Amino acid sequence: MCPVPVMILPDGSQKSVPSGSSSRDIAESIGKRLAQAAIAARVNGIVVDLSAPLPDSVEPQTLQILTEQGDDSLEVLRHSSAHIMARAVVRLFPNTQLAFGPPIENGFYYDIDSPTPIREEDFPRIEEEMKKIIALAEPFERFERTVPKGRELVQGMGQDYKVEHIDGELFKYPLLSFYRQGEFVDLCRGPHLPHAGRVGAFKILSIAGAYWKNDSSRKQLQRLYATAFFSQKELDDHLKRMEEAKKRDHRLLGKQLALFTISQQVGPGLILWMPRGALVRSILENFIRDELLKRGYSPVYTPHIGKLELYRTSGHFPYYRDSQFPPLYQHPAAQAIDLLQHRLSAGELSPEKETEMEKFLEQASLSIPGYAAAKTQAEKLAIVDAFSQELLAKFQIGIPGFEKAEGRDDRTKLLLGWLENQEGYLLKPMNCPHHIQIYKAERRSYRDLPLRLAEFGTVYRYEQTGELSGMTRVRGFTQDDAHLFITPEQVEGELQKNIELVLFVLKTLGLNDYRVRLGLRAKGSDKYVGSDDDWNSAEESLLRIVKALDMTYSAEEGEAAFYGPKIDFVVRDCIGREWQLGTVQLDYNLPKRFDLEYIGADNKAHRPVMIHRAPFGSMERFMGILIEHFAGAFPFWLTPEQVRILPVSEKFNDYARSVESRLREHGLRVTGEYNSEKVGAKIRQATLDKVPVMLVVGDKEVQANAAAVRHRIKGDLGMIGIDALIGQLEADVRSRTLV
RNA sequence: GCUGGCGUAGCUCAAUGGCAGAGCACUGGUUUUGUAAACCAGAUGUUGUGGGUUCAAGUCCCACCGCUAGCUCCA
């Protein structure tokens, strides 16, 4: 007997169909309406084309017909829409090369390399072309080819990126699949819609650059972003939601509510906290400071700069030097010599690194005569070598032994020796080296550990211009930082306590929409320091903890810091971008680099382990996310202005002022509105300023020594005596209520 | 850093290559007000910066600065 597909449907019923039948056949046998509504099918858990033949098997298999409801269908729709968009682009822009065109969270994109670049003005005519394609409702037809035949096909179509993709990746598979839609054929895994007519509504949203294979040394393509839905209404709703979300943008609200500003004069990526924003920050800082004291932390203070030598030891300089502000040297020639020495010590460079170096020299406004024109690496090194000697002579810098040095390598070492003796400082990119010096200031015993040093430490990093974004990506920021110096046995316990602290912070602020990322090392990569044993036990510890705390997490390889695995708490901003807030990291690297030790119970020296952690991450980024989370309307305990008093007329100003000072005496943040506007206007202004509690006072209130309370959201709450009101408000602050 | 878009009053935005404007905010006055906008008047500009084309530039061209979406990066 021939095996025939036996399918179990979601309702538990079974269907046997002739070999070679498709999901569509089953849908049709169930009902005409289902067959019409069908988008794709899920066979044995995998989404496939409706027309795909069902696998032969005597064993029962599962089948679900997918209709317009559900994310899987939406993904199929968007994938097909990407094909339709590419087809339209190829029609309008001849000789266009196609790269990848996948569905993404809220839509899809297609990476395109067109001889005539696509511009925003072109969107309408691309959309028109797409509409024509959709109106024809041609089917998506799947066919398969062997690798050589498939390669021949895409090569014949002049699709070089597809050829490269086959050669680099797809050759591992026995067959390549293609989809044909009218004249358009694309290499593609599928699955797809039955036909283009199923696309109900779509919109091209934006265009941006994106590197081929996500590699910044490869060609930059144009990425065309769009979205699609089964109905116009869903698309309209989606676009409206996007518009609404943009109103929460912290850059907008920060300006409107006078929380922070960025001045071109001060510099990009440098946040100026205005009084209202600074007030919120100070409340957050007090909140976390109190928690840290309860949890056995020791506050410390350290300076904003440190000697270069410190950061040479920690490895941050010169490793991260192009994402740091330039070093500050006393000697006028030292910065140039520093760059030359840096180049010399790098030796032979790969072409990418060489390009990077040229850009770096350019950025530093140091043009070395002949460098750019030199052809070979050896020539370049010789030019730098000669130039550094010339520079030393011109500045009359005498380095003992330099004249007699045998060759370039010796001179490079002597230059470094000279630099190391120069007075040079770095704006600190991290707080840990400073905290480590505090650890080292005393002889440590195992009895002292864990030593938990905490500081709101401001650090400076020279982020790329294209990365800067409001408060979320900046060049100067303050971490609610702490470094824990612990014994290896204490690792797990301290990690757990720190994760609990982060969870407590997030919960207190009502930030429930985050994901937990467990950053592990990438297998087989050499960019990590420390022994395999350390890594294994560290990764296992972190895994045990997230499981013990019953957290939903995603373990991601390659997301570890170079010195240890970490747990990050990641949230989204109003336009869907992810940002890392809190982080807990294990570090075996710095204790070694700085040769840290403690005396154990055995009276022998042991190496401590460090935990680097910041529950907020950076005050700037946290504030930005918090503004968006609350849409600028901070909860009562956190808001910069808790209460505004609104006298009905100027006749009641004196009483209003007396209420104001009584509330202020109780530590409430209160102001009064004493202009001659009508009370309606005062209420409107206070509401727009997102003041949670308004107190309207007039004749009745004066008589009763009371105030009429109006809540920003709940509206008029009626009259209440001043004493009772103060009691209630104080209770709200104590409980950190979120409403 | 790369690709695209943008830059006009404190804010939001107008202005065919032809006199730089409106609303809000601000200042002064009138009004003395009861739960989301009282009225009148006034002041407000190196149109991001620098150069160029033109009889004439906010507008066109070039460079730079900054903002912005995405990509790359993120100790």
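Residue numbers begin at 1 in each chain, while the letters A, B, ... track the order of the sequences. Not measured: the values here are computed from a predicted model. Below, each value reflects all heavy atoms present in this structure, side chains not excepted, and no hydrogens, waters or symmetry copies.
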*I would like to know whether Arg321(A) and Leu339(A) meet side-chain contact (heavy atoms from CB on, under 4.5 Å); could you show each step before the answer?*
CA-CA 10 Å; Arg321(A) 69 176 293 158; Leu339(A) 277 169; 3.9 Å; yes
Nucleotide of [options] approaching [X] most closely (side-chain heavy atoms):
| X | options | value |
| --- | --- | --- |
| Tyr211(A) | G1(B), A75(B), U35(B) | G1(B) |
| Gln220(A) | C2(B), G34(B), A75(B) | C2(B) |
| Gln464(A) | G1(B), G34(B), U3(B) | G1(B) |
| Ser676(A) | A75(B), U31(B), A36(B) | U31(B) |
| Ala561(A) | U35(B), U30(B), A75(B) | A75(B) |
| Ala210(A) | C71(B), A75(B), U32(B) | C71(B) |

Tell me the closest heavy-atom pair linking [X] and [Y], and the distance in Å.
| X | Y | value |
| --- | --- | --- |
| Gln479(A) | Asn431(A) | OE1-ND2, 3.1 Å |
| Gln580(A) | Arg621(A) | O-NH1, 2.9 Å |
| Ile436(A) | Met610(A) | CD1-SD, 3.8 Å |
| Phe456(A) | Asp480(A) | CE2-CB, 3.6 Å |
| Thr583(A) | Lys566(A) | OG1-CD, 4.2 Å |

Quick one: label [X] by what it contacts on the DNA or RNA (base, sugar-phosphate, nothing), any heavy atom closer than 4.0 Å.
| X | result |
| --- | --- |
| Val679(A) | sugar-phosphate |
| Glu701(A) | base |
| Lys700(A) | base |
| Tyr225(A) | sugar-phosphate |
| Gly466(A) | base |
| Arg218(A) | nothing |
| Gly267(A) | nothing |
| Ala686(A) | nothing |
| Pro268(A) | sugar-phosphate |
| Leu205(A) | nothing |
| Gln324(A) | base |
| Asn214(A) | sugar-phosphate |

_No-H, no-angle donor-acceptor pair, Tyr462(A) side chain to G1(B) base, under 3.5 Å_ =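 No pair found.
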_Is there, by distance only and without an angle test, a donor paired with an acceptor across the side chain of Gln222(A) and the base of U3(B) below 3.5 Å?_
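Per atom types, no contact qualifies.
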N/O (side chain, [X]) to phosphate O (OP1/OP2, [N]) under 4.0 Å:
| X | N | value |
| --- | --- | --- |
| Arg251(A) | U68(B) | yes |
| Lys651(A) | U33(B) | yes |
| Ser323(A) | C73(B) | no |
| Arg223(A) | G4(B) | no |

*His435(A) and Glu455(A): side chain donor to acceptor below 3.5 Å*: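 A donor-acceptor contact under 3.5 Å links the two side chains.
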In whole angstroms, how far is the [atom2] atom of [N] from the [atom1] atom of [X]?
| X | N | atom1 | atom2 | answer |
| --- | --- | --- | --- | --- |
| His711(A) | U35(B) | NE2 | C1' | 15 Å |
| Ile207(A) | G4(B) | CD1 | P | 10 Å |
| Asp113(A) | G4(B) | CG | P | 13 Å |
| Arg473(A) | G1(B) | CZ | P | 13 Å |

*Check whether the aromatic ring of Tyr563(A) stacks on the base of A75(B), taking stacking as ring centres less than 5.5 Å apart and planes within 30° of each other.*
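Stacking between Tyr563(A) and A75(B): absent.
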Check the interface with nucleotides 5-15 of chain B: list each N/O to N/O pair with the protein under 3.5 Å, or write none.
{"unit_1": "G5(B)", "atom_1": "OP1", "unit_2": "Arg119(A)", "atom_2": "NH2", "d": "2.7"}

*Does any nucleotide pair with G66(B) by Watson-Crick or G-U wobble geometry, both distances under 3.5 Å, and what is it?*
C6(B)
_For C73(B), give the paired nucleotide (Watson-Crick: N1-N3 plus N6-O4 or O6-N4; G-U: N1-O2 and O6-N3; both under 3.5 Å), or none._
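Paired with C73(B), as far as the under-3.5 Å criterion goes, is no nucleotide at all.
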